[in-house]
Amino acid sequence: MQRREFFKISFAASAALFGSKSSAFATSKPIDTQKVSPVLFPEKKPLIVHSDRPPLLEAPRTTFTRAITPNDEFFVRWHMPIIPTPINMDTYYIHIHGEVEKRLYLRVADLKKDFKPVEVTAVMQCGGNSRSAFHPSTSGIQWGSGAMACATFKGVRLKDVLAKAGLKNSAEWISLNGDDKAVMAKIESFKRELKIDEISDDTIIAYEMNGREIPFLNGYPVRLVIPGLYADSWVKQLSDIYVTKEYQPYFFMDVAYRIPDNECECEEPNNLAKKTKPLEEMNVKSYIGYPDNQMQIQSGTNLRVKGVAFDEGYGIKNVFISLDMGKTWQQATLGKELSKYAFREFSYNLKPMKKGTLTIMAKAVNNKGEEQPFAHDIPWNHGGYKYNGIDSVTVEVV
Amino acid sequence: MKKIIILMLLCFVSLEAVYTEKVKVPSITFAIEDDPNIRVMQRNCQWCHSYGYILNQGRQSKEFWHKIVLKMRDVYHAPINARDEKIATEYLYKYYGNGREKEGY
């Protein structure tokens, strides 16, 4: 028997969650008090641990000062408890079948050898990122804001792979499946469905993340990357691409990961929207990586506020900072645009003179003119998806 | 000559073997309250995920917890019998409840 490492996390460790939740039907700031766990996961720095099986790991605020998230701080989210380790790369295949001229079994080496490599730098964000902001609580993991990250992915175009297999005229949809498994055969695995004519050139089957192999916990050896879309479509350990004539209903697309299909994408707890649609494009968001809450700042010294902003691919136009609870806003300095799908760094220099608490807010605006709302203005939806409220940190000037 | 250099480069790249054995994910005990009814939780709620999923929800109403138990049974096919459905809901509300019967808005 394999020796396993056991750790115990007491209820007190997660008690930070409690008490902070108001009962009112209003959105507040997502939880921001959770500490990283001393328990180390493979290839990861200490992260906030919500579960070990399946592993659910969230990055702390301090991760978000840089446009590229290091692989060892990249959040982790699986749905199924059984995650095989692909050891023999000669027997790991992506199977492409269905409405194609010829069925393909592609090894990672084949992807590298037979297709043009492409790179995309893009934000990956869980649809439920910041879910803990919603009240009443919606079921699902109560993430703070660290279920997001940005990396440069390298791989091959999904389109090129489909072209190699040769799509039949009847081909309309593809369904994608990974190798992670449920404990019972009855439970559907985490499949996703994409419409073939909506697959962009930026949609890739990635085998590298920031110049290295994709970490085991992030979907080694290959995962789908769909810039602009929430991560629930970015299938990990991709092993099966099934091309079909018709849409295949799957649980995780037809029951979970759905939002109200109306103008505000919102609903009320006792009056749920009748029509829903799948969760797809992200919205404009920013997050302060430095300073952290409750930090002590020396008065009269320089403070450089740093953070990241992103949207679904229009690109970030501006980030504004407020030091007076949102009454007035000043422009922050933007870093280089790595890609329109990437985190855009921002920074803002100030010299706090007055002692006491100081709240710093950040608000991003994208090239389409969309801007982040205040947290309390974000309407509710039953899945707790798409929170993008204005972030704030409060420090102590001493 | 050019060809040889490219071939050599390819060799270097493909030599990178990554995992030679099964990757071990640490096992964490997310301790839930001890109680005579903990057995119902052990019997029903450990198959597919850790108790971390439960603790992560925070304090919630009885209705919330009941809906969770029903979702596990009806959506994810957890084999929970009618008696355990009731006991699990009571247990969850007792230790992880917020004092409200209904989901308060």
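This one's a predicted model, so the numbers in the text were calculated from it and none came from an experiment. Here is how names work: the chains are called A, B, and so on, in the same order as the sequence lines, proteins then strands, and each is numbered from 1.
Counting only heavy atoms from C-beta outward, the side chains of A/Thr85 and A/Tyr220 never approach each other to under 4.5 Å.
Between the side chain of A/Trp143 and the backbone N or O of A/His50 there is no donor-acceptor pair closer than 3.5 Å. For the pair A/Asp180 (side chain) and A/Gln237 (backbone), a donor-acceptor distance under 3.5 Å is absent.
Ion pairing between B/Glu90 and B/Lys86 fails under the 4.0 Å rule for side-chain N and carboxylate O.
Only the side chain of B/Phe64 has a heavy atom closer than 4.5 Å to any heavy atom of chain A. Contacts of A/Ile82 with chain B are absent, with no heavy-atom separation under 4.5 Å from either backbone or side chain.
For the set A/Pro221, A/Ser51, A/Pro81, the count of heavy-atom pairs under 4.5 angstrom toward chain B peaks at A/Ser51.
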